[in-house]
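Scroll down for the structure; my scribbles are underneath it.
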There are 2 protein chains.
Amino acid sequence: MADRDDIPPVRLKLRLVFGDRLTLGPGKADLLERIGALGSISAAGRAMGMSYRRAWSLVEEMNAAFGHAVVQSTRGGPQGGGAHLTPEGRQVLTLYRELEDRTAEAGADQIVALRGMLGDMPQGK
Amino acid sequence: MADRDDIPPVRLKLRLVFGDRLTLGPGKADLLERIGALGSISAAGRAMGMSYRRAWSLVEEMNAAFGHAVVQSTRGGPQGGGAHLTPEGRQVLTLYRELEDRTAEAGADQIVALRGMLGDMPQGK
DNA sequence: GTTCGTTGTATCCTGTCGGACATATCGCCG
DNA sequence: CGGCGATATGTCCGACAGGATACAACGAAC
């Protein structure tokens with residue numbers, strides 16, 4: 001009674017494309033979230049199995065695109081430095097999560113319908 | 001009153017991930033639409049600037065994932081062959097478009113808010 | 001049975017993304 | 001003042017998705 005279709009393997013991923021300025025998807029959102037929680041770009045990257053190089057470049061991209069930086073970082077200091085979300089950064093993350101929630105809800109019917117059209121596999125996994 | 005922010009360069013792309021069975025995003029949806037309109041995989045691919053190889057592989061992927069084929073193709077014949085959407089294919093396309101419409105509507109507030117947070121560029125492009 | 005345009009499939013090639021690695025810099029703290 | 005840990009940034013390289021190309025099979029029309 002554990003693994004029925006309680007958790008159908010369906011996920012809706014969103015990707016906002018702001019012209020050629022920026023693309024914002026699950027990757028950057030998760031990164032923001034982890035930076036906020038861990039206080040460090042490198043720690044956030046490690047937690048996501050992502051190289052620091054890449055994590056930093058994503059942050060750079062976002063900071064460049066938004067009016068104000070979403071992540072503020074400091075070098076040196078007690079733990080060698082760190083990074084934290086600015087109010088704008090928290091706002092971006094909040095809006096993205098809200099967007100995920102609302103779209104998932106609004107499209108639930110279609111998602112279920114599409115899922116139902118998938119072929120029945122003996123071992124669906 | 002023509003080009004204000006009437007058409008802000010913001011687009012919400014959706015990507016449905018059905019576990020490891022299939023991922024369905026704008027590419028496959030557009031491809032389905034063009035196959036339905038043009039009656040040919042190669043013509044649809046050309047219209048999208050996509051190689052036949054790729055177009056065909058996407059169709060193959062979808063046909064394998066759904067219970068019934070979404071695209072049915074024939075070789076030889078009057079025009080050498082062709083392809084058309086099955087009822088299932090039309091249904092998949094319809095559901096995906098509905099999903100796009102509903103999510104865009106449901107997330108309009110967040111999208112506008114995020115767009116408003118972008119930096120003001122002299123040439124926003 | 002020749003022609004024709006498409007499907008179906010293999011083989012090769014290349015552009016690109018991101019990881020790995022190498023440094024430099026910074027600023028507390030012992 | 002030297003070490004530490006994190007940011008900041010450049011260079012090199014391998015993996016791989018997808019384009020280019022080539023070719024066989026097909027089936028109706030003529």
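We use all heavy atoms of the structure for the numbers below, so side chains are in, but hydrogens, waters and symmetry mates are not. Order of the sequence lines fixes the chain letters, A, B, ..., with proteins taken first and strands second; residue numbering starts at 1 for each chain.
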For [X] and [Y], indicate whether the former's side chain and the latter's backbone hold a donor-acceptor pair under 3.5 Å.
X: B/Lys13; Y: A/Lys13; result: no
X: B/Ser40; Y: B/Ala83; result: no
X: B/Asn63; Y: B/Val71; result: yes

Problem - Nearest heavy atoms of B/Glu88 and A/Met117, plus distance in Å - result: O-CE, 3.5 Å
Handout entry: Closest heavy-atom pair and its distance - B/Gly25, B/Tyr96
Key = C-OH, 3.3 Å
Completion exercise
Atom CD1 of B/Ile41 and atom P of C/dG5 are separated, to the nearest Å, by 18 Å
Do [X] and [Y] have side chains that get closer than 4.5 Å, going by heavy atoms?
X: B/Arg97; Y: B/Glu100; value: yes
X: A/Thr23; Y: A/Phe18; value: no
X: A/Glu61; Y: A/Ser57; value: no
X: A/Met62; Y: A/Leu32; value: yes
X: A/Pro9; Y: A/Arg115; value: yes

Exercise for the section: Mind running a 4.0 Å heavy-atom check of residues 46-58 of chain A against DNA chain D and sending the residues that fall below it, in number order? Expected result: A/Tyr52, A/Arg53, A/Trp56
Handout entry: Interface limits on DNA chain D, where chain B has a heavy atom under 4.0 Å of a nucleotide atom
Key = D/dG18 to D/dA28
Handout entry: DNA chain C contacts made by residues 71-89 of chain A, counting heavy atoms under 4.0 Å
Key =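 Per residue number, the list reads A/Arg75, A/Gly76, A/Gly77.
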